[in-house]
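Below, chains carry the letters A, B, ... as their sequence lines are ordered, and counting in each starts from 1.
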Amino acid sequence: MFETILAFFRAIGHQVTAAICRLGRAVRFFLSVFWLSGTAFRRFHLTIREIYFSGVLSLIIILVSGLFVGMVLGLQGYETLQRYGSSEALGVLVSLSLVRELGPVVAGLLFASRAGSAITAEIGLMKATEQLSAMEMMAVNPIARVVAPRFWGGVISMPLLAALFSAMGVFGGWLVGVVMIGVDDGSFWSQMQAAVDFRLDIINGVIKSFVFGVLVSMIAVFEGYDSEPTAEGVSSATTRTVVTSALAILFADFILTALMFRGQ
Amino acid sequence: MKTVSEEILLQIENLQFTYDERPVLQGINMRIPKGRVVAVMGGSGCGKTTLLRLIGGQLRPSSGKLRVGEYDVPNLDVDALYAMRRRMGMLFQFGALFTDMSVFDNVAFPMREHTDLPPEIIRDLVLMKLNAVGLRGAAYLMPSELSGGMARRVALARTIALDPMLIMYDEPFAGLDPISLGVVGQLIRHLNDALGATSIIVTHDVYECLKIVDYVYFVSQGVIVAEGTADEIRASDAPFVKQFVNAEVDGPVPFHYPAMDYRQELLNDHV
């Protein structure tokens with residue numbers, strides 16, 4: 001009995017110690033990435049390549065999802081607004097929902113599952129096949145050469161993807177509200193123009209998407225670099241990237257929303 | 001085989017390495033003169049690859065001395081370590097080619113990273129390195145289009161891209177067909193002599209290895225149990241060497257993993 005209790009506490013202690021060690025490794029890793037980011041900017045073609053892989057190749061899923069989310073918002077928004085006789089405010093509802101919340105959050109979640117998982121899998125496989133060790137033995141720091149360009153590629157891509165998601169969503173809302181249902185075109189756009197504030201809504205949305213980009217990219221590169229160099233290890237790391245990124249985005253969104261829009 | 005000087009390139013004294021409180025290397029001593037091709041052999045998990053990683057500075061020893069040329073490896077700071085590695089090459093077990101780059105770009109990689117050579121000079125150098133391993137015609141293939149033997153040869157071309165003073169090979173013969181095995185073996189010898197480099201080969205392949213090396217170290221349980229020239233090893237009566245060279249199932253390296261008495265375990269009631 002005593003042995004069982006002891007083993008239980010030992011297991012808990014082991015889990016806590018392992019978690020603290022991992023946190024320590026993560027902090028050291030992030031500091032190294034920032035410290036060694038010079039290469040990613042001096043040789044910007046390395047970062048541009050990663051913007052292509054993380055950003056350009058995510059365009060299809062972002063644009064299509066944005067369109068459908070906007071169309072659903074148009075339908076649901078119209079359904080609710082018409083009960084109060086304010087269906088002309090559909091443009092405001094669609095645009096504010098997208099720019100403030102859905103654009104950065106949904107684009108962030110999609111970015112984590114499309115690009116974040118790919119970054120983790122790529123770095124994890126490079127580790128498992130000794131490509132990172134080979135680079136180290138060639139006196140090339142893999143954090144500077146492999147990790148930093150991927151990190152900054154993700155950070156730069158994310159706000160652009162979120163902006164495109166929102167733009168596509170507004171188009172989807174217009175398509176359903178104006179073209180299909182028949183809401184007045186002028187009211188749709190003019191109310192949107194009057195209600196959406198550049199600093200409060202657009203800039204805050206961009207800040208959110210930038211923060212989500214930093215979070216997802218950091219999680220993705222760290223999970224890949226810290227993964228067990230086996231097929232199972234890479235698979236677990238990829239799963240952890242998507243799950244951790246999703247939770248981090250939703251938590252950060254709550255904090256940022258509370259800071260940005262309190263009392264308004 | 002070329003005549004070689006007796007100037008010592010790699011010197012290891014009483015090198016010890018412990019991983020997770022488990023002793024991996026327990027007092028290794030080696031002296032490898034410049035120009036030699038030396039093999040380190042031993043069973044799986046005996047610490048051969050760890051030894052290469054210690055020489056390359058990827059691991060730090062628990063104690064002991066390790067010098068490569070003028071570099072005191074365990075005490076190097078990051079800049080000095082990278083300076084040393086620029087003069088080293090390492091061939092990994094399965095080549096470790098960068099899968100997102102062509103053969104040409106893989107070989108050009110160290111040159112682009114460490115030199116300011118113009119593209120046309122890099123192109124010529126890459127083609128010369130690839131020609132040396134017989135793969136100039138494969139310059140624009142991707143690693144996924146290469147056979148195991150070809151990938152190993154491309155990795156060899158990349159390893160010698162900056163004309164290293166020391167080349168380390170981690171299981172260069174693993175998984176190769178007999179023809180590729182012979183080709184890689186001969187390339188290791190010829191390139192070492194042509195470049196005036198020194199080579200350390202970690203391998204299990206006794207037959208192929210003894211054809212090309214000058215000297216052999218046998219490692220077992222973290223210590224050197226035998227050493228000598230290829231002829232001395234072939235003629236050796238040491239039980240470990242005999243078991244290894246003749247591929248005997250049982251001997252100093254036991255067939256069975258340590259366990260409780262067989263009879264007692266079968267009669268034991270516990271499941």
Side-chain angles (χ1 to χ4, degrees), chain A residues 14 17-18 21 28-29 31-32 35-36 38-40 42-54 56-57 115 118-150 153 224-225 228-231 234, chain B residues 49-50 52-59 68 71 73 76 78-101 105-115 143-144 151-152 154-156 158-162 164 166-171 174 200:
Chain A
H14 178 73
T17 316
C21 286
R28 277 182 56 185
F29 179 78
L31 292 176
S32 305
W35 183 251
L36 297 167
T39 307
R42 266 198 313 278
R43 297 164 69 186
F44 200 62
H45 66 277
L46 295 174
T47 307
I48 288 178
R49 183 179 175 277
E50 300 311 323
I51 292 172
Y52 172 77
F53 283 114
S54 296
V56 177
L57 296 185
I119 290 171
T120 302
E122 188 186 14
I123 295 178
L125 279 172
M126 287 181 83
K127 186 179 179 184
T129 53
E130 296 189 307
Q131 292 178 50
L132 298 184
S133 289
M135 214 172 261
E136 269 187 5
M137 284 306 297
M138 282 186 254
V140 176
N141 191 325
I143 293 183
R145 182 63 173 68
V146 173
V147 173
R150 280 163 179 74
Y225 201 80
E228 286 284 320
T230 59
V234 175
Chain B
T49 301
T50 302
L52 286 193
R53 291 187 182 274
L54 285 163
I55 295 169
Q58 286 186 301
L59 297 172
V68 177
Y71 299 102
V73 181
L76 295 177
V78 175
D79 290 339
L81 189 63
Y82 274 34
M84 179 189 76
R85 285 181 186 165
R86 274 183 216 124
R87 300 178 60 197
M88 280 183 170
M90 182 154 173
L91 182 75
F92 285 82
Q93 193 167 356
F94 294 104
L97 293 177
F98 303 130
T99 44
D100 58 339
M101 295 180 195
D105 289 332
N106 262 283
V107 180
F109 183 84
M111 301 177 196
R112 288 175 178 153
E113 292 293 322
H114 295 306
T115 69
S144 57
R152 215 69 59 85
V154 172
L156 185 50
R158 186 179 68 179
T159 304
I160 58 164
L162 295 177
L166 175 67
I167 310 174
M168 296 183 282
Y169 300 88
D170 187 7
E171 304 283 4
I200 303 173

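Atom CZ of F44(A) sits in a crowded spot, with more than 12 heavy atoms from other residues, nucleotides or ligands closer than 6.0 Å. Remark: H45(A) NE2 is packed, more than 12 non-hydrogen atoms of other residues, nucleotides or ligands lying under 6.0 Å away.
In this structure, chain A has no heavy atom under 4.5 Å from any part of T159(B). Residue L162(B): no heavy atom, backbone or side chain, is found under 4.5 Å from chain A. Using a 4.5 Å cut-off between heavy atoms, M168(B) contacts chain A through its side chain alone, with no backbone atom that close.
At a threshold of 4.5 Å between non-hydrogen side-chain atoms, the residues L52(B) and M137(A) do not count as touching. Looking at V140(A) and Y82(B), their side chains never come closer than 4.5 Å, going by heavy atoms from C-beta outward. At a threshold of 4.5 Å between non-hydrogen side-chain atoms, the residues F109(B) and R145(A) count as touching. Within the 4.5 Å cutoff, the side chain of F98(B) has heavy atoms near those of the M135(A) side chain. A 4.5 Å side-chain heavy-atom check between M138(A) and M88(B) finds every atom pair outside the cut-off.
Remark: Y169(B) pairs with no residue by the ring-ring contact (aromatic ring centres under 6.0 Å, His included) rule, at least two apart or across chains. Applying the side-chain hydrogen bond (donor to acceptor under 3.5 Å, both in side chains) rule to Q58(B) yields the partners E136(A), R53(B); only residues at least two apart in sequence or on another chain are considered.
Counting heavy-atom pairs closer than 4.5 Å to chain B, the top residue among A139(A), S133(A), A134(A) is A139(A). Considering only heavy-atom pairs separated by less than 4.5 Å from chain A, the leading option among R86(B), M84(B), H114(B), Q93(B) is H114(B).
Note that CG of L125(A) is 8.0 Å distant from OG1 of T99(B), once rounded to the nearest 0.5 Å.
Annotation for E122(A) and D100(B): closest pair OE2-OD2, 4.5 Å, computed over non-hydrogen atoms.
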